Number of protein chains: 2
Amino acid sequence: MTADRRKFTREEPETRRADLIAAVLDLMAEAGPAETTVRAIADAAGLSPGMIRHHFTSKEDLVNAAYEAHMARQIADSERALGAGNARERLRRFVSASLTPPVVDPRAVSLWAAFLHMVRRDPAMRATHEATYLAYRDRLQGLIAAALAEAGRIAGRAELRRLAIACNAVIDGLWLEAGVLPEAFVAGEIETLGLVSVGALLGLDLAGGAA
Amino acid sequence: MTADRRKFTREEPETRRADLIAAVLDLMAEAGPAETTVRAIADAAGLSPGMIRHHFTSKEDLVNAAYEAHMARQIADSERALGAGNARERLRRFVSASLTPPVVDPRAVSLWAAFLHMVRRDPAMRATHEATYLAYRDRLQGLIAAALAEAGRIAGRAELRRLAIACNAVIDGLWLEAGVLPEAFVAGEIETLGLVSVGALLGLDLAGGAA
DNA sequence: CGGTGAATAATACGATTGTATAATTCACCG
DNA sequence: CGGTGAATTATACAATCGTATTATTCACCG
């Protein structure tokens, strides 16, 4: 009874890289960084451990690639639902998309936490993080400015910045709470709460009927 | 030239336990969970590695104790400034304390992230986390209810719960942003923003002069 | 249709991990 | 003032880590 050898199947390098990245994100989210070993990654991807250093220069390199892929997808998910419509409606959809799956997801919060310390130390990851954060806030600030202008209100630069930070904070906070204690909220509660709260911060009615 | 032996100094077990806990929190916050090894902990505490398993049953036991100590201090820091005064003023001070050091601190965010995965898996840590979170939110909800009542407004249970979740979210979000990107905000900006935002969510003026 | 080489698998290796055990130190007590 | 034992240090050990190396597979080409 010899240990059976893993089947040999040739695949595109891009496919292999994508599989390894997906395995890293799965493990980071579900099991945590400590359990995300090269052997666990390879096993989750259905490959031999050697593949990691064949397709990436090191485990760290693979993890960095996984972080970039995750951040890119988070941004895409937030902006996916923007579409057309007036400014209020676009802001409404942006907030909704930020407070519903797949953006709101225990996995996403887990990943955020798992990567935080690497982001703190690795300059490249830190740059990716800051760019993503500020891009999101700028996008939000632009939508807020447009919605306020549409309602006939004007806000100075400083005031706009304050509103964007506050709205971003309430969205982040709800994202966090829903991700950490998902069973503490009923379906749609976080989204509605976000629309009402952002509306209260801005003095706009976002939760009401479509414009 | 022999390696010099560490000096033998007898200390109270409580002191030793406290030193080890402090070392764990330092390392978790500064270096991350991966670098928080028994040898690094002992070195940071100025002790020999064996002390960990002498004063705690395992490294995991020590880490759990450190988590509990950290959470207890966070709660104490939030409530420290409650004091006397009318309901609005008490709410104001609670929000302020939650958005100024030592509660707002890059270290605190690092610790939160470092512990998240252990909290997810370890039932005891999870219980501590949920109890702390809900205790904080209940405390906030009580202060909100009193402040609204003082202003002659009544809110039903469901409405009160929604307000508490939303106010907690904006506080959490600001806590997070200030902790992750501390250099992105000027002194006092987060605190003022929190008071204005919570006030806007509740329809109360918190940022204005004392009652 | 045998040879070649990149892709894949399997194994080996040194370093580091948490834990267990043995060796020291010294306050305290009779 | 010698003996005792808990506190402390130092060392040993098996397991596991990331990496390096060797062995296989098989599509492709002449």
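Nothing here was measured: the structure is a model prediction, and the numbers come from that model. Lettering of chains follows the sequences in order, A, B, ..., and the numbering in each one begins at 1.
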What is the distance from [atom1] of [X] to [atom2] of [N], rounded to the nearest Å?
{"X": "A/Lys59", "N": "D/dA20", "atom1": "NZ", "atom2": "P", "answer": "15 Å"}
{"X": "A/Leu47", "N": "C/dA9", "atom1": "CG", "atom2": "C1'", "answer": "10 Å"}
{"X": "A/Arg53", "N": "C/dC13", "atom1": "CZ", "atom2": "C1'", "answer": "13 Å"}
{"X": "B/Ile52", "N": "C/dG18", "atom1": "CD1", "atom2": "C1'", "answer": "9 Å"}
{"X": "B/Asp61", "N": "C/dG18", "atom1": "CG", "atom2": "C1'", "answer": "14 Å"}
{"X": "A/Leu27", "N": "D/dC17", "atom1": "CG", "atom2": "P", "answer": "12 Å"}
{"X": "B/Phe56", "N": "C/dG18", "atom1": "CZ", "atom2": "P", "answer": "15 Å"}
{"X": "B/His54", "N": "D/dG5", "atom1": "NE2", "atom2": "P", "answer": "15 Å"}

* Asked: Got a sec? Which of residues 10-26 of chain A come in under 4.0 Å of DNA chain C, heavy atoms?
  ->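 Per residue number, the list reads A/Arg10, A/Glu11, A/Arg16.
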In terms of side-chain heavy atoms of [X], which of [options] is nearest?
{"X": "A/Ser48", "options": "C/dA9, D/dT9, D/dC17", "result": "C/dA9"}
{"X": "B/Val38", "options": "C/dT19, C/dA10, D/dT24", "result": "C/dT19"}
{"X": "B/Thr37", "options": "D/dG18, D/dA23, C/dT17", "result": "C/dT17"}

Sidechain N-carboxylate O distance under 4.0 Å for [X], [Y]:
{"X": "B/Glu89", "Y": "B/Arg93", "result": "yes"}
{"X": "B/Glu159", "Y": "B/Arg162", "result": "yes"}
{"X": "A/Arg121", "Y": "B/Glu30", "result": "no"}
{"X": "A/Glu130", "Y": "A/Arg126", "result": "yes"}

* **Pairing pattern in dot-bracket form [Watson-Crick, G-U; both distances under 3.5 Å; | = partner strand] for DNA chain C** => ||||||||||||||||||||||||||||||
* Sub-4.5 Å side-chain heavy-atom contact between B/Leu47 and B/Ile52 ->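 Result no, sub-4.5 Å side-chain heavy-atom pair not found.
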* **Position toward the 5' end of DNA chain C (nearest nucleotide), B/Phe8 or B/Glu35** =>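 In this pair, the answer is B/Glu35.
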Which side-chain N or O atoms in residues 96-106 of chain A pair as donor and acceptor under 3.5 Å with protein atoms at least two apart or in another chain?
{"from": "A/Ser96", "atom 1": "OG", "to": "A/Arg92", "atom 2": "O", "distance (Å)": "3.3"}
{"from": "A/Ser96", "atom 1": "OG", "to": "A/Glu191", "atom 2": "OE2", "distance (Å)": "2.9"}
{"from": "A/Ser98", "atom 1": "OG", "to": "A/Phe94", "atom 2": "O", "distance (Å)": "3.0"}
{"from": "A/Ser98", "atom 1": "OG", "to": "A/Tyr136", "atom 2": "OH", "distance (Å)": "2.6"}
{"from": "A/Thr100", "atom 1": "OG1", "to": "A/Ser96", "atom 2": "O", "distance (Å)": "2.8"}
{"from": "A/Asp105", "atom 1": "OD1", "to": "A/Arg107", "atom 2": "N", "distance (Å)": "3.0"}

* Asked: Is the number of heavy atoms from other residues, nucleotides or ligands within 6.0 Å of CZ (B/Arg73) greater than 12?
  ->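 Counting other residues, nucleotides and ligands, CZ of B/Arg73 stays at 12 neighbours or fewer.
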* Asked: Is the CD atom of B/Glu60 crowded by more than 12 outside heavy atoms at less than 6.0 Å?
  ->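 No - once you tally the heavy atoms of other residues, nucleotides and ligands closer than 6.0 Å, there are 12 at most.
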* Taking it one step at a time, do A/Leu163 and A/Leu148 satisfy side-chain contact (heavy atoms from CB on, under 4.5 Å)? -> CA-CA 11 Å; A/Leu163 289 175; A/Leu148 289 179; 3.8 Å; yes
* **Nearest-nucleotide comparison on DNA chain D, the residue closer to the 5′ end among B/Met51 and A/Ala34** =>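 This one resolves to B/Met51.
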* To do: Check if the side chain of A/Arg39 and the base of D/dG18 share a donor-acceptor pair of N or O atoms closer than 3.5 Å.
  =>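 Pair found.
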* **Worked check of side-chain contact (heavy atoms from CB on, under 4.5 Å) between A/Leu62 and A/Tyr67** => CA-CA 9 Å; A/Leu62 165 58; A/Tyr67 178 67; over 6 Å; no
* Identify whether any heavy atom of B/His55 sits under 4.0 Å from a base atom; if not, whether one sits that close to sugar-phosphate; answer base, sugar-phosphate or nothing. =>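 Sugar-phosphate contact only - B/His55 comes under 4.0 Å of backbone atoms but never of a base.
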